[in-house]
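The structure under discussion appears below in the form of structure tokens.
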Number of protein chains: 2
Amino acid sequence: MTELIRLLTRAQKLLRTASDDAMSRHGVRVGQNLVLEVLWETDGLTPGELAARLHVTTPTVVNTATRMESAGLLVRRRDPADGRLVRLHLTPKALAARQPIEEARRRLAEHATATLTEDERRHMRSALEKIIERMTESPPDLGDA
Amino acid sequence: MTELIRLLTRAQKLLRTASDDAMSRHGVRVGQNLVLEVLWETDGLTPGELAARLHVTTPTVVNTATRMESAGLLVRRRDPADGRLVRLHLTPKALAARQPIEEARRRLAEHATATLTEDERRHMRSALEKIIERMTESPPDLGDA
DNA sequence: GTGGGATCGCTAGCATGCAAACGATTCGTA
DNA sequence: TACGAATCGTTTGCATGCTAGCGATCCCAC
């Protein structure tokens, strides 16, 4: 079981590194790519909403948004109805990058999983879903105190 | 395929977070735990050797080693035969933490994978091995220039 | 034996994550 | 209506990774 998790960690790291390399060719880092992915579908979300969808904390989104703002990928706008809220809007530059980036991601994913059999895909998917459910639903049950 | 990778990423992150929580109870962070894991088996490795075994870069090991030195988990010693080398040696404190930490990791791994069937474990393992081989052996083949 | 290339650890700067503390705004209630 | 609690974004500080560049040491060829 420990070995299974070790393999999972190693594979994920290799994929993340490869993804960062691919995205960097389009002027976007791997974390920023995740923000784009959501905003391409739903522009004008708040940092808090974005954080919830990405399963990260709000400060992480805030910092990433600041870097993306410096890079000219998005702009911040105060919500006119609620002064506490900030809405993140993509720039034309970010919209133009959509096609090549999605293409690059699709290509990378297919390359990585090209040699998997149908059984392996199906069982790996259900196994990962079970692990995710297990880690979110049930308590981690840490040993001592 | 993209969805498969998304699940893989999510599962790995949940596992890493849970691992960090568990390790923190023993005064060790998740990255430091990986260093301990290797040094428990082979004490006195150099930062470069350690980096190769962990699949990280040397600066990463150097920084982690510095934090672990501050935490009293290891000491640096110059190699008497080769002045360029630094050898990392665990302290009694680090040796004493071995049993509880290994127990915590074993428990976490079993908890996470408790509901997997034998087919799922087997196919997930072979799938991950294929992905790893694919990402290390063959070229990433990034689209444009 | 000496000089130049190779090897090694370290530092600096950046990106991505977290938790904790802070400030501003909003909303419900007295 | 005004005040306290809740909500939200931001800042700060830390851990983990990376690349690039530096300085010290070693080793081989001359």
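Atoms considered below: every heavy atom in the structure, side chains included; atoms not considered: hydrogens, waters and symmetry mates. So that the names make sense, note that chain A is the first sequence line, chain B the second, and so on, each numbered from 1.
If you measure from atom CG of A:N63 to atom C1' of D:dT11, you get 8 Å, rounded to the nearest angstrom. Per the geometry, CG belonging to B:D82 stands 11 Å off C1' belonging to D:dA24, to the nearest Å. Counting to the nearest Å, the P atom of C:dC14 and the CD atom of A:Q32 are 14 Å from each other.
Set against D:dG17, D:dT16, D:dA6, the side chain of B:R67 has D:dT16 as its closest nucleotide. When the nucleotides D:dT10, D:dC18, C:dA15 are ranked by their closest atom to the side chain of A:P59, D:dT10 comes out on top. Here D:dC18 is the nucleotide among D:dC18, D:dG9, C:dC8 with the atom lying nearest to any side-chain atom of B:V56. Relative to the side chain of A:R84, the nucleotides D:dT7, D:dC18, D:dT25 differ in distance, and D:dT7 lies closest.
Nearest-nucleotide positions on DNA chain C place A:D20 closer to the 5' end than the other of A:D79 and A:D20. For the pair A:P80 and A:V30, nearest-nucleotide mapping onto DNA chain C gives the more 5' position to A:V30.
Nucleic acid contact for B:T46: sugar-phosphate only, since backbone atoms but no base atoms lie under 4.0 Å from a heavy atom of the residue. Nucleic acid contact class of B:R78 (heavy atoms, under 4.0 Å, all strands): none. Residue contacts shown for B:R16 are limited to sugar-phosphate atoms, with no base heavy atom under 4.0 Å away. Residue contacts for A:V62: at a heavy-atom cut-off of 4.0 Å it reaches a base atom on one of the strands shown. Note on B:R87: nothing from the nucleic acid sits closer than 4.0 angstrom, heavy atoms only. Residue-level contact check: A:V61 touches neither bases nor backbone, having no heavy atom under 4.0 Å from any strand.
Remark: B:R53 CZ is loosely packed, at most 12 non-hydrogen atoms of other residues, nucleotides or ligands lying under 6.0 Å away.
The CG atom of B:L128 lies 5.5 Å from the CG atom of A:L7; values are rounded to the nearest 0.5 Å.
B:T60 has no side-chain polar atom (N or O) that falls below the 4.0 Å cut-off from OP1 or OP2 of D:dT16.
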Assess the residue pair A:M23 and A:R105 against the criterion (side-chain contact (heavy atoms from CB on, under 4.5 Å)); give the C-alpha distance rounded to whole Å, side-chain angles, the decisive distance to 0.1 Å, and a yes or no. CA-CA 8 Å; A:M23 297 302 150; A:R105 176 170 46 235; 4.0 Å; yes

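No option in A:R121, A:R125, A:E120 other than A:E120 meets the side-chain contact (heavy atoms from CB on, under 4.5 Å) test with B:H123.
Between A:R98 and A:E41 a salt bridge is recorded (basic side-chain N to carboxylate O distance below 4.0 Å).
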